[in-house]
Amino acid sequence: LSLVSAASDVDEYGFKRGEHFDYKNYGKFMDGYLKTLTRRRMKWEAILQQNTDLSQMDPKLKRYIRKGIPGPYRPDVWMKISGAAAAQRRSPDLYRSLLNAEPYNKEISDSISIDLPRTFPDNIHFDSKKERLYNILIAYAHHNRDVGYCQGLNYIAGLLLIVTDDEEKSFWLLKHIVENIVPQYHSHNMANLLRDLAVFRELVIRRIPAVNRHVENLGLPYPVIASKWFICIFAEVLPVETVLRIWDCVFAEGHKIVFRAALAMFITHKNAILGCDDIAALANLFRDTMIQDSIVTDCHGFVQAMFSLRLKRSELESLRKVAVLNPA
């Protein structure tokens, strides 16, 4: 991250900024954030010298991760804290053997090929990565035949590839996300996605009932609002640095973080949601304004908002049981 990228119309990951991007506020935010990042990087250097394993989560490591993993360390730290590195060590030849298992399923191969040009067209570096993205997605589709290929996986795998610049690490991290963090979000019936959207609605009712009433009175269904948030874990939704800060926590702490981020979206935008007079205004708020405003662009502030709300795993699990018993 740099001040040059703060003033440029392309961010540090190669994404073009939207036409409504607030350069002035972002410049102010980056002034302070860059100093914070420098301090964090020095602290991470120290922690990585003491603890090369990272598979055991202690309070200090958890606190450091919540404050953001410095960009250069992300690939290796993600691999270690998620358990993906250990899984790769157990099956070191899996990725290559999947790639060599031609001929590929034609239907899956065609679906992936159709989605490649639609993946991050606003990223100036991504054209050169499309062949590698195809490899990751086709290998995973043949590895996990229950999921195969599902739209949304291209954004997750694409962002993993941008961060790691490594096909094999991206494959293992994708496998971890799809199988351990959000299982059955990407299967053909998307059973767990629908369950968790019902759980999310219930969490909103419990915390900000007025917002839920307003959303329901205007008639915008939760799956329309939040399906992409959950399917893509906010990739291709929020600004990239904010997504990566969310993913830092997701790899360390699991699925609860996805709910924290979704709730923070509603709570930090409570007044804006209540200020919408009709369904068109509300849809536009969720689809456009809310995903690029100064609240979500300040990744540090947004992550703080995520962790300032109360959410226990036991509450999530009991709501999940009820949602399974009472499918919509």
Side-chain angles (χ1 to χ4, degrees), residues 10-11 13-18 75 78-79 84 87-88 91-194 223-224 227-240 243-244 247 250 287 291:
V10 174
D11 74 14
Y13 300 99
F15 288 92
K16 294 178 192 144
R17 303 200 195 274
W78 281 1
M79 287 291 288
Q88 183 182 4
S91 310
D93 304 321
L94 176 62
Y95 182 63
R96 287 290 140 210
S97 66
L98 288 164
L99 277 189
N100 294 335
E102 296 188 76
Y104 301 138
N105 175 305
K106 185 176 184 311
E107 192 183 338
I108 289 175
S109 175
D110 289 350
S111 297
I112 293 170
S113 298
I114 288 166
D115 274 353
L116 289 178
R118 301 176 187 159
T119 309
F120 302 139
D122 56 344
N123 187 294
I124 59 171
H125 307 311
F126 207 72
D127 257 355
S128 63
K129 297 188 196 297
K130 285 189 176 151
E131 194 177 325
R132 295 161 77 198
L133 177 60
Y134 173 86
N135 289 346
I136 297 161
L137 293 170
I138 198 79
Y140 188 71
H142 286 81
H143 171 62
N144 184 341
R145 291 176 188 267
D146 287 342
V147 169
Y149 172 69
C150 156
Q151 272 188 331
L153 295 181
N154 52 323
Y155 294 121
I156 295 175
L159 193 52
L160 290 169
L161 187 57
I162 287 169
V163 172
T164 63
D165 198 30
D166 183 302
E167 266 181 51
E168 202 159 341
K169 280 181 179 152
S170 299
F171 168 83
W172 283 100
L173 289 166
L174 177 69
K175 176 174 161 58
H176 177 70
I177 287 172
V178 174
E179 293 168 23
N180 301 324
I181 293 175
V182 288
Q184 281 192 292
Y185 275 21
H186 303 92
S187 58
H188 298 297
N189 65 2
M190 294 185 160
N192 287 354
L193 172 69
L194 299 171
V224 173
S227 287
K228 194 172 181 184
W229 299 358
F230 283 77
I231 287 174
C232 300
I233 315 181
F234 293 95
E236 182 66 353
V237 176
L238 292 177
V240 183
V243 176
L244 299 182
W247 284 16
V250 163
R287 193 178 52 238
I291 58 174

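Values below: all heavy atoms of this structure, side chains included; hydrogens, waters and symmetry mates excluded. Because the structure is predicted, anything quoted here is derived from the model rather than measured.
- With S227 contributing its side chain and V224 its backbone, the two residues share no donor-acceptor pair below 3.5 Å.
- No donor-acceptor pair under 3.5 Å is formed between the side chain of H142 and the backbone N or O of E102.
- The closest side-chain heavy-atom distance from V240 to I162 is not below 4.5 Å.
- With values rounded to the nearest 0.5 angstrom, Q151 atom CD is found 9.0 Å from C232 atom SG.
- Between the CZ atom in F171 and the CG atom in L160 there is a gap of 12.0 Å [rounded to 0.5 Å].
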Please test V237 against V243 for side chain to side chain contact (heavy atoms under 4.5 Å, CB included), starting from the C-alpha separation and ending with a verdict.
-> CA-CA 8 Å; V237 176; V243 176; over 6 Å; no
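- Between N192 and V182, every side-chain heavy-atom pair lies at or beyond the 4.5 Å cut-off.
- With rounding to the nearest 0.5 Å, the separation of CD1 in I124 from NZ in K16 is 7.5 Å.
- Side-chain atoms of W247 do not come within 3.5 Å of backbone N or O of W78 as any donor-acceptor pair.
- Annotation: side-chain contact (heavy atoms from CB on, under 4.5 Å) contacts of E236 (sequence neighbours excluded): F120, Y155, K228.
- Proximity of a side-chain donor or acceptor of N100 to a complementary backbone N or O of R96 within less than 3.5 Å is detected.
- Counting all heavy atoms, side chain and backbone alike, I114 lies closest to P117 at O-CD, 3.2 Å.
- In terms of heavy-atom proximity, L194 sits nearest to N189 at CD1-O, 4.1 Å.
- For N123 against Y13, the heavy-atom pair with the smallest separation is ND2-O, 3.0 Å.
- Considering every non-hydrogen atom in both K130 and L116, the closest pair reads CE-O, 3.2 Å.
- Nearest heavy-atom pair across I136 and A157 is CG2-CB, 4.1 Å.
- Taking the side chain as every heavy atom from C-beta outward, Y104 and L99 approach each other to under 4.5 Å.
- Residues K169 and P75 come closest through the heavy atom pair CD-CB, 4.4 Å.
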How far apart are the C-alpha atoms of L173 and V163, what are their side-chain angles, what is the distance that settles it, and do they pass the side chain to side chain contact (heavy atoms under 4.5 Å, CB included) test?
-> CA-CA 11 Å; L173 289 166; V163 172; over 6 Å; no
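- In this structure, CG in L137 is found 11.0 Å from OG in S111, a value given to the nearest 0.5 Å.
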Decide yes or no on side chain to side chain contact (heavy atoms under 4.5 Å, CB included) for L133 and K129, but give the supporting numbers first.
-> CA-CA 6 Å; L133 177 60; K129 297 188 196 297; 5.7 Å; no
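- Not a single donor-acceptor pair under 3.5 Å links the side chain of D115 to the backbone N or O of S113.
- The side chain to side chain donor-acceptor pair (under 3.5 Å) test with Y95 is passed by exactly one of E167, H143, E168: E167.
- Put simply, the side chain of K175 does not reach to within 4.5 Å of the side chain of N144, judged on heavy atoms.
- Atom CG of N154 and atom CG of L161 lie 12.0 Å apart (nearest 0.5 Å).
- With sequence neighbours excluded, no residue satisfies ring pair (Phe, Tyr, Trp, His ring centres under 6.0 Å) with Y185.
- Inter-residue side-chain proximity for I231 and M190 is flagged as met; some heavy-atom pair is nearer than 4.5 Å.
- For Y149, there are no ring pair (Phe, Tyr, Trp, His ring centres under 6.0 Å) partners, not counting sequence neighbours.
- To the nearest 0.5 Å, the span separating CD1 on I156 from CG on L174 amounts to 6.5 Å.
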